[in-house]
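Below, each value reflects all heavy atoms present in this structure, side chains not excepted, and no hydrogens, waters or symmetry copies.
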There are 2 protein chains.
Amino acid sequence: MTVTLADVAARARVSPATVSRVLNGNYPVAASTRERVLRAVDELDYVLNGPASSLAAATSDLVGILVNDIADPFFGIMAGAAQTAIGEGASGRAGGEKLAVVCNTGGSPERELTYLTLLQRQRAAAVVLTGGALEDPAHIAAMSAKLARLADAGTTVVLCGRPPMSGGAVTATLTFDNRGGGRRLAEHLIALGHRRIGYVAGPAERTTTRHRLEGHRAALAAVSAADGADGGAGTGPVPDDQERLTIHGPYDRRSGYDATLELLRRDPDLTAIVAANDTVALGACAAVRDLGLRIPEDVSVAGFDDLPFSVDAVPALTTVRLPLHEAGVRAGRLAMGKEAPPPGGIATIGAELMARESTAPPRKL
Amino acid sequence: MTVTLADVAARARVSPATVSRVLNGNYPVAASTRERVLRAVDELDYVLNGPASSLAAATSDLVGILVNDIADPFFGIMAGAAQTAIGEGASGRAGGEKLAVVCNTGGSPERELTYLTLLQRQRAAAVVLTGGALEDPAHIAAMSAKLARLADAGTTVVLCGRPPMSGGAVTATLTFDNRGGGRRLAEHLIALGHRRIGYVAGPAERTTTRHRLEGHRAALAAVSAADGADGGAGTGPVPDDQERLTIHGPYDRRSGYDATLELLRRDPDLTAIVAANDTVALGACAAVRDLGLRIPEDVSVAGFDDLPFSVDAVPALTTVRLPLHEAGVRAGRLAMGKEAPPPGGIATIGAELMARESTAPPRKL
DNA sequence: CTGTTAGCGCCTTCAC
DNA sequence: GTGAAGGCGCTAACAG
């Protein structure tokens, strides 16, 4: 029924081993022989049996890319870039390519582990984990163990936009400077004169959430110390109870909307809202407008990530740019061994402030 | 080094065959035996060898989902929904799950075929193709042939948000009513009084592009016939040369921006711009604003898809809603055989007009 | 440079 | 309900 390597060998009048060699291209074969084999492959419309090949070779050409939310362009951009970088070297004829494949965990720790097991089962050549990690100690331990096993089995592990993990299982880590980005964004608002700033944070247990928030708080703490109790140059002092001005929620539009309504209810004198990311910021903008307030005259709003739609928001969204595409490409190359890991295995990727129209000096009270 | 099924059998004091039976769960095994085997699996931290298993069984648990652009939420939402639907039935312990995996073609026909070959190689259990198809006859023929081979090998093929293909290879097709959506959107604008409407279309050779445009043109042709030469109730007659008011380009923000500038240069009297999708519409909005025109007072703008950000655009974007999530879930279930195919194998999914603030009656001249 | 020989780890009839 | 044996299709030493 299905044509096998032996059939090709018969038609080309060579041994199966020779066919295997020309197909894998990692062994010298006479040009004329190769020619004959390739022709037989075409004539028979032969397709290699992946499982058989993987079984015999004890490796596969599968590369897994794990993302938290495939519907979020934040992950889509990174994953697409990584997939492209991995798919390169395509000889057109589906020769030695890897099958780069993205797996959507939906942010669920169980599914994250399940996917890793599934990939382990397939003897994946490499695994790329993208985006923030969960801070639950049990889950971290489970992940470390799982990654260690994968590495043992020869799978390359790359982290992209994710904090470093202890243990030697990880080949390379590309981590975003979320803390620095958060800090610079807050400093930008402070420089404009803002002191009462609401913060719509992401899910509490995620590293990305914590780091961005820490950067934000650090900037506020610094100005608080400098200004003294009188509030310095800005509109009053930095409020003491930052917790009250922070609301956690998922990384979606709805969370931004609801949290912003609540923040402005708790403290109608807020002059700015900072959101966990651009999507959340969009929701925040909608809430501000629905309250009859203007952006940025009445309330400034800022996001994070600089997704493609952010520049088209009205007013254009002030945010922090993360080089998602570049990071994805690099992660892909790292996973394929096309690029040497950074010194120490860890590279920090900068986050750049993009000051646009959604932030401005606060209205004088 | 790596623990095999035989190791588990030895530890559980049963035969390899028995271990296989409890792992696959498709054969009666005594409860006590099963218990013992499962314990051994846990103690040894055994992970099934996928390739070996697939080779012996001649099937794999891999399911491929092909998308044109993973960074576009249009595809992300469908793919995520499909992946979730396929991943269901997870017994928690990575038992009988499928490995649902998304492949990004980047809209390239070669990569589409390459991915199918790769999936064929892996003996994928099912393949879901999402989004519009290329209309190049050669590519269509190649795709049909490839899908036929996949189907022959036992792979289920499902089309989601894609036009039907001839040939019996496809198990089920879910196709969007792009034509109807385009028509209803145009009718909405016509009812508001618009007659001179610019159209920023997608890539010329894609079915989605053509169908949406056809719907649009059909509505205009109808009103043109009804109004007669005097222009009827609207602001003047429907222009004859629709080609001149149509510009093709990729499905991205930039294309919308550039094409809109060009359209308004060609005909400054346009009262509305219709975009191929919401992302393009965002670019169109930016261009209109940069020309110093107001939306919708000076120019109405509309999109297609109703992606999550569209409701937060300012003004909120009039668009056509496609039930992407529902379609994705259904495609996933179809791929898993959890749901019977629609009668005739083809189901058309409706497209609903979402009239919002970015469209209004044209200013009187 | 090419052919021969063993398995890779598992599933699946068959017997019991 | 369980064990024994053969083979799935390919690759990787070895020879030659």
Side-chain angles (χ1 to χ4, degrees), chain A residues 1-38 40-41 44-62 94-96 118 120-123 125 153-154, chain B residues 1-38 40-41 44-62 95-96 118 120-125 153-154:
Chain A
M1 193 63 233
T2 96
V3 23
T4 76
L5 185 145
D7 298 331
V8 176
R11 198 174 213 307
R13 313 193 149 285
V14 295
S15 73
T18 300
V19 177
S20 172
R21 292 197 261 256
V22 338
L23 257 31
N24 291 306
N26 41 8
Y27 217 80
V29 174
S32 64
T33 311
R34 158 193 273 84
E35 183 58 34
R36 210 141 32 90
V37 169
L38 255 22
V41 167
L44 264 37
D45 205 12
Y46 170 69
V47 174
L48 190 69
N49 184 317
S53 166
S54 299
L55 172 58
T59 62
S60 88
D61 53 4
L62 200 76
L118 256 18
Q120 182 182 2
R121 224 182 238 189
Q122 303 294 333
R123 304 299 187 254
Chain B
M1 191 65 236
T2 95
V3 22
T4 76
L5 184 146
D7 300 330
V8 176
R11 198 173 213 312
R13 311 194 153 284
V14 294
S15 74
T18 300
V19 177
S20 171
R21 292 197 260 255
V22 338
L23 257 30
N24 291 305
N26 40 9
Y27 216 80
V29 173
S32 64
T33 311
R34 157 194 273 85
E35 183 57 34
R36 208 139 35 88
V37 169
L38 256 21
V41 167
L44 263 37
D45 204 13
Y46 169 70
V47 173
L48 190 70
N49 184 317
S53 165
S54 298
L55 173 58
T59 62
S60 87
D61 53 4
L62 200 74
L118 257 18
Q120 181 182 2
R121 226 182 238 189
Q122 304 294 334
R123 304 298 187 256

(message) Using the side-chain heavy atoms of A:Ser53, tell me which of these nucleotides is nearest: D:dG9, D:dT11, C:dC10.
(response) D:dT11
(message) Let's see if you can work this out: which of D:dG3, D:dG9, D:dG1 has an atom nearest to the side-chain heavy atoms of B:Ala30?
(response) D:dG1
(message) Need to verify one output field. Residue with the more 5' nearest nucleotide on DNA chain D, B:Thr18 or A:Ser54?
(response) B:Thr18
(request) Nearest whole angstrom, please: distance from the P of D:dG1 to the OH of B:Tyr27. (result) 10 Å
(request) Please report the closest heavy-atom contact between B:Ala12 and B:Val37, naming both atoms and the distance. (result) CB-CA, 4.0 Å
(request) Could you state the atom-to-atom distance from CG of B:Leu55 to P of D:dG6 in whole Å? (result) 18 Å
(message) Could you tell me how far apart A:Leu48 (CG) and D:dC8 (P) are, to the nearest whole angstrom?
(response) 16 Å
(message) Using OP1 and OP2 only, check whether a side-chain N or O of B:Asn24 sits under 4.0 Å from C:dC11.
(response) yes
(message) Please confirm whether the shortest side-chain N or O distance from A:Ser20 to OP1 or OP2 of D:dA12 is below 4.0 Å.
(response) no
(message) Looking only at the side chain of B:Leu5 (C-beta and beyond, no hydrogens), which of the listed nucleotides D:dG9, C:dT2, C:dC10 gets closest?
(response) C:dC10
(message) I want to check something: taking the side chain as every heavy atom from C-beta on, are B:Arg123 and B:Leu55 in contact at a cut-off of under 4.5 Å?
(response) no
(message) I'd like to know if the side chain of A:Ser60 and the backbone of A:Gln122 have a donor-acceptor N/O pair within less than 3.5 Å.
(response) yes
(message) Base, sugar-phosphate or nothing for A:Val14? Non-hydrogen atoms, less than 4.0 Å.
(response) sugar-phosphate
(request) Would you mind reading off the distance between A:Leu23 atom CG and D:dG9 atom P, rounded to a whole angstrom? (result) 16 Å
(message) Quick check for you: among D:dT2, D:dA13, C:dT12, whose closest atom lies nearest to any side-chain atom of A:Arg21?
(response) D:dA13
(message) I'd like to know if B:Arg123 reaches the base of D:dG9 with its side chain such that a donor and an acceptor end up less than 3.5 angstrom apart.
(response) no
(request) Rounded off to whole Å, could you give me the CD-to-C1' distance for the A:Glu35 and C:dC1 pair? (result) 17 Å
(request) Output the single nucleotide from C:dC1, D:dG7, D:dT11 whose closest atom is nearest the side chain of B:Ala56. (result) D:dG7
(request) Hey, could you give me the OG1/CZ distance between A:Thr33 and A:Arg13, rounded to the nearest 0.5 Å? (result) 13.5 Å
(request) Check the distance between D:dT11's C1' and A:Asp61's CG and give it to me in whole angstrom. (result) 14 Å
(message) Quick one, B:Val41 with B:Leu23, criterion side chain to side chain contact (heavy atoms under 4.5 Å, CB included). Give me CA distance, side-chain angles, the key distance, then yes/no.
(response) CA-CA 9 Å; B:Val41 167; B:Leu23 257 30; 4.2 Å; yes
(message) Using OP1 and OP2 only, check whether a side-chain N or O of A:Thr4 sits under 4.0 Å from D:dC8.
(response) no
(request) Go through C:dC1, C:dC10, C:dC11 for me and flag the one nearest to the A:Pro28 side chain. (result) C:dC1
(request) Provide, to the nearest angstrom, the distance between the CZ atom belonging to B:Arg13 and the P atom belonging to D:dG3. (result) 12 Å
(request) Take atom CG of B:Asn26 and atom C1' of C:dC10, then tell me their distance rounded to the nearest Å. (result) 13 Å
